[in-house]
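Keep in mind that this is a model prediction, so the values were computed, not measured.
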Amino acid sequence: MTPDDLIIGFDRALRTLFAPAPTTRPVPGNEIGHDPLTPAERAHAAALMRVNHVGEVCAQALYQGQALACRDPSIRHALQQAADEETEHLAWTERRLAELADRKSLLNPVWYLGSLAIGICAGKLGDAWSLGFLAETERQVEAHLDSHLDELPASDRKSRAIVEQMRADEVAHAATANRLGARELPAPARLAMKLAGRVMTRTAYYL
């Protein structure tokens with residue numbers, strides 16, 4: 001980990017938390033017109049998109065932490081490429097929150113720092129375990145997004161389009177991790193990740 005790595009990492013953290021996220025791909029559902037939502041539907045959809053935005057903040061931090069501790073340059077490049085795609089998810093969810101007239105999580109700095117620490121720890125275990133952690137994270141995010149597709153109002157086609165594309169990207173990231181040599185995590189580790197994810201999603205729904 002060089003001083004340049006630390007400076008770049010600090011810059012990425014500031015951009016993730018405080019700057020509008022960029023996207024090179026069109027925002028999914030951008031061509032869809034205004035969907036009428038009741039106040040209750042709008043509030044629920046916004047809370048779910050806030051949870052998804054927090055997930056992308058955590059993803060940025062996890063990838064950054066893993067890349068900082070990564071030993072293999074090719075794997076580090078793959079992690080950074082995945083992080084760039086996750087930046088687009090950050091932009092999409094951020095934009096949708098604004099359209100729904102709601103806010104991002106008040107605890108985003110806490111989520112970021114915690115996830116960065118987890119990413120560094122995972123990376124220190126070795127590239128195979130780090131990739132295994134990444135693959136399992138993406139599988140759990142995929143299941144989480146599936147549940148949001150069930151929960152989002154049927155009339156909220158814009159949010160659904162964003163979540164569907166995010167899900168497709170997460171599946172691809174898991175496949176990449178497996179292709180690069182991910183090692184399957186033991187059951188207790190998978191369960192701990194699932195429980196931590198539940199705490200995060202339930203808290204971010206409100207805060």
Side-chain angles (χ1 to χ4, degrees), residues 1 9 16 47-87 89-90 93 105 107-152 162-207:
M1 192 184 302
T16 298
L48 293 177
M49 295 309 285
R50 178 165 51 251
V51 170
N52 290 329
H53 183 269
V54 167
E56 299 309 321
V57 168
C58 292
Q60 286 295 310
L62 284 169
Y63 280 124
Q64 181 185 342
Q66 289 176 283
L68 286 172
C70 184
R71 297 170 176 79
D72 187 324
S74 63
I75 294 177
R76 184 183 302 114
H77 176 73
L79 289 168
Q80 291 168 342
Q81 187 174 26
D84 290 340
E85 289 188 3
E86 299 287 355
T87 301
H89 298 176
L90 198 66
T93 51
S105 173
L107 300 177
N108 273 345
V110 176
W111 304 130
Y112 190 95
L113 290 174
S115 298
L116 180 65
I118 292 171
I120 292 173
C121 290
K124 290 293 186 181
L125 294 175
D127 291 341
W129 286 114
S130 181
L131 288 168
F133 178 80
L134 171 58
E136 180 61 26
T137 297
E138 299 294 15
R139 281 193 291 268
Q140 293 192 14
V141 170
E142 178 189 351
H144 157 80
L145 294 175
D146 281 339
S147 72
H148 277 201
L149 288 172
D150 291 336
E151 288 190 50
L152 280 167
I162 290 171
V163 172
E164 286 169 354
Q165 184 57 57
M166 287 170 57
R167 181 188 181 281
D169 290 344
E170 307 299 359
V171 170
H173 294 164
T176 297
N178 287 323
R179 177 175 54 80
L180 291 172
R183 182 176 296 178
E184 185 173 357
L185 299 185
R190 298 197 302 271
L191 178 59
M193 291 170 64
K194 195 169 188 177
L195 293 175
R198 285 180 183 174
V199 172
M200 184 274 286
T201 55
R202 291 177 181 177
T203 304
Y205 186 91
Y206 299 103
L207 297 176

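Under the side-chain hydrogen bond (donor to acceptor under 3.5 Å, both in side chains) criterion, Trp111 pairs with Ser105, sequence neighbours left out. Scanning for salt bridge (Lys or Arg N to Asp or Glu O under 4.0 Å) contacts around Arg190 gives Glu184, with sequence neighbours left out. Taking the side-chain hydrogen bond (donor to acceptor under 3.5 Å, both in side chains) definition, one finds that Arg139 meets it with Glu136, sequence neighbours left out. Evaluation of the side-chain hydrogen bond (donor to acceptor under 3.5 Å, both in side chains) rule for Thr176 yields no partner, not counting sequence neighbours. For His89, the ring pair (Phe, Tyr, Trp, His ring centres under 6.0 Å) partners are Trp92, not counting sequence neighbours.
Nearest heavy atom pair, residue Ala174 against residue Glu138, reads CB-CB, 3.7 Å.
Taking CD1 from Ile162 and CG from Leu152, the interatomic distance works out to 10.0 Å, rounded to the nearest 0.5 Å. Interatomic distance, Lys124 NZ to Leu68 CG, rounded to the nearest 0.5 Å: 9.0 Å. For the atom pair Tyr206 OH and Leu107 CG, the distance stands at 14.5 Å (nearest 0.5 Å). With rounding to the nearest 0.5 Å, the separation of CG in Leu145 from CG in Asp150 is 11.0 Å. In this structure, OH in Tyr63 is found 5.0 Å from NE2 in His173, a value given to the nearest 0.5 Å. Note: Ile120 CD1 to Cys70 SG = 13.0 Å, rounded to the nearest 0.5 Å.
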* Worked check of side chain to side chain contact (heavy atoms under 4.5 Å, CB included) between Leu134 and Leu62 -> CA-CA 8 Å; Leu134 171 58; Leu62 284 169; over 6 Å; no
* Show the numbers, then the answer: is there a side chain to side chain contact (heavy atoms under 4.5 Å, CB included) between Leu131 and Ile75? => CA-CA 9 Å; Leu131 288 168; Ile75 294 177; 3.8 Å; yes
* To do: List the steps and the verdict of side chain to side chain contact (heavy atoms under 4.5 Å, CB included) for His148 and Val51.
  => CA-CA 10 Å; His148 277 201; Val51 170; 4.0 Å; yes
* To do: Could you go through the side chain to side chain contact (heavy atoms under 4.5 Å, CB included) check for Leu185 and Met193 one step at a time?
  => CA-CA 10 Å; Leu185 299 185; Met193 291 170 64; 3.6 Å; yes
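For the 3.5 Å distance criterion, the side chains of Asn52 and Glu56 fail to qualify, holding no donor opposite an acceptor.
Proximity of a side-chain donor or acceptor of Ser115 to a complementary backbone N or O of Tyr112 within less than 3.5 Å is not detected. Side-chain N or O atoms of Arg50 include one that pairs as donor or acceptor with a backbone N or O of Ala204 at under 3.5 Å. At distances below 3.5 Å, not a single donor-acceptor pair connects side-chain atoms of Arg183 with backbone N or O atoms of Gly132.
The side chain to side chain donor-acceptor pair (under 3.5 Å) contacts involving residues 126-135 comprise Gln66-Ser130, where partners must be two or more places apart or lie in separate chains.
A heavy-atom distance below 4.5 Å is found between the side chains of Val141 and Thr137. Annotation: side chain of His77 is not in contact with side chain of Ser74 (no heavy-atom distance under 4.5 Å).
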